[in-house]
Amino acid sequence: MSPTLTEQQMRALQPIKLLALDVDGVLTDGTLYFGESGEQFKPFSILDGLGVKQLQKAGVTVAIITGRKSAMVAKRAGDLGILELLQGREDKLVGLNEIRSKLGLELDECAYVGDDLPDLAAIRSCGFGVTVPNGHWFVRQHATYCTATQGGKGAVREVCDMILAAKGLLHTSLEAYL
């Protein structure tokens with residue numbers, strides 16, 4: 001099923017050139033797993049990975065801005081070809097502004113997906129601020145859009161499909177697999 005967007009959402013998504021993502025609760029379900037030796041594991045969704053690659057192929061830059069530092073996140077970003085990676089950053093809006101300034105973008109050309117209070121300023125400031133249904137209720141109140149899909153279960157893919165649909169590129173992207 002393709003995403004159903006309002007006319008206002010379509011207009012807000014059309015100029016998007018940067019999709020910035022939080023990790024815990026967005027690219028993962030927010031659960032942290034620890035092994036007996038203290039090593040940490042994070043499950044990422046394959047659905048999100050292909051969505052990120054399709055969006056990048058369409059010319060949209062994808063960035064990760066996360067409050068934690070993790071070798072797994074660096075590995076996942078590398079595997080997906082994500083070059084803009086900021087780790088150990090609780091100041092998500094400052095991080096978003098650093099990346100968009102480096103890329104020469106305005107805030108209305110940026111979308112951000114986050115799930116908790118440290119993401120709120122970035123969600124409210126960018127052109128299209130998104131949260132997930134498993135995000136904090138206060139963040140859901142202030143986001144432009146809340147995905148139907150849970151974080152870590154394909155929510156990022158949903159946003160990638162929405163951006164591609166608004167740009168008129170979704171069906172071309174999907175038909176390449178027929």
Side-chain angles (χ1 to χ4, degrees), residues 3-30 48 51-52 54-56 58-70 73-74 76-77 80-152 154-167 169-170:
T4 303
L5 301 171
T6 67
E7 190 61 36
Q8 184 178 12
Q9 290 169 334
M10 290 283 281
R11 280 195 305 273
L13 286 166
Q14 286 170 347
I16 297 301
K17 295 179 181 171
L18 170 67
L19 173 62
L21 306 166
D22 180 28
V23 174
D24 296 321
V26 172
L27 282 167
T28 74
D29 66 5
D48 291 342
V52 164
Q54 289 176 309
L55 198 59
Q56 290 172 317
V60 176
T61 300
V62 177
I64 291 175
I65 306 171
T66 179
R68 295 177 173 268
K69 291 183 179 180
S70 165
V73 172
R76 183 67 173 154
L80 296 177
I82 296 173
L83 302 176
E84 302 298 333
L85 172 62
L86 296 179
Q87 295 201 70
R89 299 292 298 267
E90 288 293 329
D91 52 350
K92 307 296 181 73
L93 179 56
V94 174
L96 176 64
N97 282 330
E98 288 173 10
I99 293 170
R100 75 171 184 82
S101 177
K102 176 181 169 187
L103 299 175
L105 300 176
E106 299 296 326
L107 279 168
D108 65 351
E109 296 173 305
C110 303
Y112 184 92
V113 186
D115 69 320
D116 213 338
L117 298 175
D119 303 303
L120 191 52
I123 287 171
R124 293 190 60 182
S125 298
C126 67
F128 200 80
V130 181
T131 194
V132 293
N134 51 321
H136 190 273
W137 63 269
F138 193 66
V139 176
R140 286 195 309 272
Q141 281 186 345
H142 292 280
T144 305
Y145 183 83
C146 182
T147 61
T149 313
Q150 299 279 324
V156 171
R157 177 66 166 275
E158 184 180 331
V159 176
C160 291
D161 284 355
M162 290 169 51
I163 294 170
L164 290 171
K167 292 179 176 291
L169 301 172
L170 180 60

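Distance check, rounded to the nearest 0.5 Å: SG of C126 to CG of L18 gives 9.0 Å. Going from atom CG of L21 over to atom CG of L85 covers 11.0 Å, rounded to the nearest 0.5 Å. Rounded to the nearest 0.5 Å, atoms CG (L96) and CG (D91) are 11.0 Å apart. If you take CZ on F128 and CD on Q8, they are separated by 9.0 Å, rounding to the nearest 0.5 Å. Rounding to the nearest 0.5 Å places NZ of K69 at 10.0 Å from CZ of R89. Separation of atoms CD1 (I163) and CG (L19) is listed at 4.5 Å; rounding is to 0.5 Å.
Taking the side chain as every heavy atom from C-beta outward, Q150 and D29 never approach each other to under 4.5 Å. L86 has its side chain within reach of E98: a pair of non-hydrogen atoms, C-beta onward, lies under 4.5 Å apart.
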Donor-acceptor list for residues 58-68 side chains, cut-off 3.5 Å, not counting sequence neighbours:
| residue | atom | partner | partner atom | Å |
| --- | --- | --- | --- | --- |
| T66 | OG1 | R68 | N | 3.4 |
| R68 | NE | D24 | OD2 | 3.2 |

Can you give me every donor-acceptor pair (side chain of residues 129-136, partner residue at least two apart or in another chain, under 3.5 Å) with its distance?
| residue | atom | partner | partner atom | Å |
| --- | --- | --- | --- | --- |
| T131 | OG1 | G114 | O | 2.8 |
| N134 | OD1 | G151 | N | 2.9 |
| H136 | ND1 | F138 | N | 3.0 |

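Counted within 6.0 Å of CG on L103, heavy atoms from surrounding residues, nucleotides or ligands total more than 12; the atom is thus considered enclosed. Annotation: Q141, atom CD; neighbour count of heavy atoms from other residues, nucleotides and ligands within 6.0 Å is above 12.
The nearest pair of heavy atoms linking A143 to I123 is CA-CG2, 3.7 Å. Closest non-hydrogen pair, G25 versus D115, comes out as CA-OD2, 3.4 Å. Nearest approach of G154 to T149, heavy atoms of both residues: C-CG2, 3.6 Å. Smallest separation of non-hydrogen atoms from C146 and R140: SG-CD, 3.8 Å.
The side chain to side chain contact (heavy atoms under 4.5 Å, CB included) search around R157 returns L47, D48, L50, Q54, D161, not counting sequence neighbours. Looking at residues two or more places apart in sequence or on another chain, you find a salt bridge (charged side-chain N to carboxylate O under 4.0 Å, His left out) between D22 and K92. Residues meeting the side chain to side chain contact (heavy atoms under 4.5 Å, CB included) test with A148, sequence neighbours left out: E158.
Within the structure, the side-chain hydrogen bond (donor to acceptor under 3.5 Å, both in side chains) test picks out the following pairs touching residues 99-114 (sequence neighbours left out): K17-E109, E84-K102, N97-R100, Y112-D119.
Just one residue in the list T147, V156, V159 forms a side-chain contact (heavy atoms from CB on, under 4.5 Å) with V26, and that residue is V156.
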